[in-house]
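Below: one structure, written as structure tokens.
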Amino acid sequence: MKPTQIEQAIVEQVERYRFVLPDSIVAEPSTETTSEVVRRLIQRRVLHEVRLPAETVCLAARRSPATTQSVARALAVHSFCRDPSRRQTFLRKTELARYFPTLFQTGLPGGYYVDATRESPVLGLIRVDVGLDEVGRIVSRCHQLARRHQQLPGFRQLMTAGQFEITYLVATEQKARRLSVALSLLEKTGVRCVVEPVPILLDLLAPLPTT
């Protein structure tokens, strides 16, 4: 059976992010609801349910072992990129090489996105606090990432034009505020820092004990 357009869009979205919460899937309107299409794809074993702590269920395109941290990272990235108020495009490594050949270098980390909703497109590098690290450690890591990208001419041009940013996703609003203040000095180098809270990280990485 040939997949419908909405089926293809949902499967592609799950494959791109690896793990996705069913309720956070964004698909074009059709005669069917997203939940109906997802249910059918699960029945046909095109998508698979993965059960997580805190009674959370997410979707994956294939059955394969995964750590809680890797799932939490994927869900946080999907939550950030597919937020209707932002709608960034998360890039696979092959897409970064194809769309930005002057930027791509062997050994660059994965995890880039493009925000084309602004007047000038912005390329971002996204990181997730799956280790629930101290603020100081995250700040140090961000400075290292900034220096690494400043060594590449293409990225330096983006920084000068205000078209490169580093986004860090953390578990709580309190930590996001503290980290935003601590990273403010980095903007003097031309690197904009975005810090966003993603509450599901706390549910997955530090779940409350069950009674």
According to a 4.5 Å side-chain heavy-atom criterion applied to Ile, Leu, Val, Met, Phe, Trp and Tyr, with indirect links allowed, do Val11 and Phe19 form part of one hydrophobic cluster? yes
side-chain contact (heavy atoms from CB on, under 4.5 Å) with Arg39: which residues, sequence neighbours excluded? Glu36, Gln43
Residue pairs fulfilling ring-ring contact (aromatic ring centres under 6.0 Å, His included) with at least one residue in residues 130-151, sequence neighbours excluded: Tyr112-His149, His149-Phe155, His149-Phe164
Taking salt bridge (charged side-chain N to carboxylate O under 4.0 Å, His left out) as the cut-off, I'd like each qualifying pair that reaches into residues 72-85, sequence neighbours left out, listed once. Asp83-Arg86
State the OG1-CD distance between Thr160 and Gln150, to the nearest 0.5 angstrom. 9.5 Å
side-chain hydrogen bond (donor to acceptor under 3.5 Å, both in side chains) partners of Ser79, counting only residues at least two apart: none
side-chain contact (heavy atoms from CB on, under 4.5 Å) with Val122: which residues, sequence neighbours excluded? Asp115, Arg118, Glu165
Only counting residues at least two apart or in another chain, list the ones meeting side-chain hydrogen bond (donor to acceptor under 3.5 Å, both in side chains) with Gln8. none
Identify all side-chain donor-acceptor contacts of residues 179-187 below 3.5 Å with residues at least two apart in sequence or on another chain.
{"residue": "Ser180", "atom": "OG", "partner": "Ala176", "partner atom": "O", "Å": "2.9"}
{"residue": "Ser184", "atom": "OG", "partner": "Val181", "partner atom": "O", "Å": "2.7"}

If you look only at distance, which donor and acceptor atoms sit under 3.5 Å apart when one is on a side chain in residues 58-66 and the other is two or more places apart or in another chain?
{"residue": "Arg63", "atom": "NE", "partner": "His48", "partner atom": "ND1", "Å": "3.3"}

For Ser35, give me all partners under side-chain hydrogen bond (donor to acceptor under 3.5 Å, both in side chains), at least two apart in sequence or on another chain. Thr33
Of the non-hydrogen atoms in Ser70 and Thr67, which two are nearest, and what is the gap between them? OG-O, 2.8 Å
Listed pairs under 3.5 Å, donor-acceptor, residues 123-142 side chains, sequence neighbours left out:
{"residue": "Arg127", "atom": "NH1", "partner": "Gly110", "partner atom": "O", "Å": "3.1"}
{"residue": "Arg127", "atom": "NH2", "partner": "Gly110", "partner atom": "O", "Å": "3.3"}
{"residue": "Asp129", "atom": "OD1", "partner": "Leu132", "partner atom": "N", "Å": "3.1"}
{"residue": "Asp129", "atom": "OD1", "partner": "Asp133", "partner atom": "N", "Å": "2.8"}
{"residue": "Asp129", "atom": "OD2", "partner": "Lys175", "partner atom": "NZ", "Å": "2.6"}
{"residue": "Asp133", "atom": "OD2", "partner": "Arg141", "partner atom": "NH1", "Å": "3.2"}
{"residue": "Arg141", "atom": "NH1", "partner": "Tyr168", "partner atom": "OH", "Å": "3.0"}

Show, in sequence, the C-alpha distance, side-chain angles and deciding distance for Glu7 and Ile10, and conclude whether the side chain to side chain contact (heavy atoms under 4.5 Å, CB included) test is met. CA-CA 5 Å; Glu7 286 177 344; Ile10 289 174; 6.0 Å; no
Between the CZ atom in Arg16 and the CG atom in Leu91, the distance rounded to the nearest 0.5 Å is 7.0 Å
If hydrophobic clusters are built from ILVMFWY residues whose side chains come within less than 4.5 Å, do Val198 and Val57 share one? no
Partners of Phe80 by ring-ring contact (aromatic ring centres under 6.0 Å, His included), sequence neighbours excluded? Tyr113
To the nearest 0.5 Å, what is the distance between CZ on Arg156 and CD on Gln151? 8.5 Å
Look at the side chain of Gln163 and the backbone N and O of Pro121, then say whether any donor-acceptor pair between them is shorter than 3.5 Å. yes
Approximate separation, where rounding is to 0.5 Å, of Thr167 OG1 and Glu196 CD: 7.5 Å
Atom OG1 in Thr4, atom CG in Leu41: separation rounded to 0.5 Å? 7.5 Å
Shortest non-hydrogen separation from Ala74 to Tyr17 and the atoms involved: CB-O, 3.1 Å
Verify same cluster id: Leu21, Leu47 (apolar side-chain graph, 4.5 Å): yes
Can you measure from CG (Leu158) to CG (Leu152) and round to the nearest 0.5 angstrom? 10.5 Å
Does a side-chain heavy-atom distance below 4.5 Å link Ile25 with Gln13? yes
Hey, any chance Val194 and Leu169 share a hydrophobic cluster, counting ILVMFWY side chains that come within less than 4.5 Å of each other, even indirectly? no
On a heavy-atom basis, the closest approach of Leu204 and Thr68 is O-CG2, 3.6 Å
